[in-house]
Amino acid sequence: MADALPKALRERISVAAGHRCGYCQTDQRVSGAQMHVEHIVPRALGGSSQESNLWLSCAWCNSYKGIQVEAPDPNTGQKAPLFNPRGQRWAEHFARDPAATHILGLTPTGRATVAALNLNNPYIVPARRLWVLAGWHPPNPRD
């Protein structure tokens, strides 16, 4: 069983992340499920549970990420590091399609992350479509 994080640490991470998944940017209020506090570098690969290695992730993104820290860029086949939501700006690596239902990778890191975390999986895209219709998505830019 994973060590429980102190409530104050979880709250600091949630506030710093804007209560959003660091990868797909889904807002906690929209998802209907509690966000996970995930290890950017997984503990299985030597990552720590220090605040500097922790960020929010929705259940979908966290489950697809697993222990990955890099993945092939679908355009080149070259390995690229996965997006680091604590240290990189989302808008530099990703964009949304005009309907705001799909996330597009703009860089090798962005494309590798979209593919590895299955950011446009067949369950989340229809949900995003409904969130757009309700006016809940896309989230307002933070950075």
Does either side chain, that of His93 or that of Thr113, offer a donor lying less than 3.5 Å from an acceptor on the other one?
no
Using a 4.5 Å cut-off on heavy atoms from C-beta on, say whether the side chain of [Y] contacts that of [X].
X      : Y      : value
Asn118 : Tyr123 : no
Arg128 : Ile103 : yes
Pro138 : Gln25  : no

Residues that [X] engages under side-chain hydrogen bond (donor to acceptor under 3.5 Å, both in side chains), provided they are two or more places apart:
X      : answer
Asn53  : none
Arg10  : none
Glu92  : Arg89
Thr101 : Asp97

Please confirm whether the backbone N or O of [Y] pairs with a side-chain atom of [X], one donor and one acceptor, at under 3.5 Å?
X      : Y      : result
His137 : Ala100 : yes
Arg86  : Leu54  : yes
Gln28  : Met35  : yes
Glu11  : Lys7   : no

Could you check Ile124 against Trp131 for side chain to side chain contact (heavy atoms under 4.5 Å, CB included), going step by step and ending with a plain yes or no?
CA-CA 10 Å; Ile124 200 64; Trp131 298 340; 3.8 Å; yes
Which residues pass the ring pair (Phe, Tyr, Trp, His ring centres under 6.0 Å) test with Tyr64, not counting sequence neighbours?
none
Between [atom1] of [X] and [atom2] of [Y], what distance do you get to the nearest 0.5 Å?
X     : Y      : atom1 : atom2 : answer
Cys58 : Leu117 : SG    : CG    : 8.5 Å
Asp27 : His19  : CG    : NE2   : 8.5 Å
Trp90 : Cys21  : CH2   : SG    : 10.5 Å

Does the pair Trp60 and Asn121 meet the rule for a side chain to side chain contact (heavy atoms under 4.5 Å, CB included), with working shown?
CA-CA 9 Å; Trp60 283 113; Asn121 72 69; 4.0 Å; yes
If you apply the rule side chain to side chain contact (heavy atoms under 4.5 Å, CB included), what do you find for Tyr23 with Phe94, and how did you get there?
CA-CA 9 Å; Tyr23 302 101; Phe94 306 99; over 6 Å; no
Please report the shortest heavy-atom distance between [X] and [Y], naming the atom on each side.
X      : Y      : value
Trp55  : Pro85  : CD1-CB, 3.3 Å
Asn120 : Val114 : ND2-CG1, 3.7 Å
Cys24  : Leu119 : CB-CD2, 4.2 Å
Ser48  : His39  : O-CD2, 3.0 Å
Ala80  : Ala112 : CB-CB, 4.0 Å
Val69  : Ile40  : CG1-O, 4.0 Å

Walk me through it: do Arg20 and Leu56 pass the test side chain to side chain contact (heavy atoms under 4.5 Å, CB included)?
CA-CA 7 Å; Arg20 293 182 188 171; Leu56 283 191; over 6 Å; no
Mind jotting down which residue pairs meet the salt bridge (Lys or Arg N to Asp or Glu O under 4.0 Å) criterion with at least one end in residues 58-77? Sequence neighbours excluded, please.
Glu38-Lys65, Glu70-Lys79, Asp73-Arg111
Got more than 12 heavy atoms from elsewhere within 6.0 Å of CD1, Ile67?
no
Should Val125 and Leu133 be regarded as members of a common hydrophobic cluster, given that ILVMFWY residues are connected when their side-chain heavy atoms come within less than 4.5 Å of each other, either directly or indirectly?
no
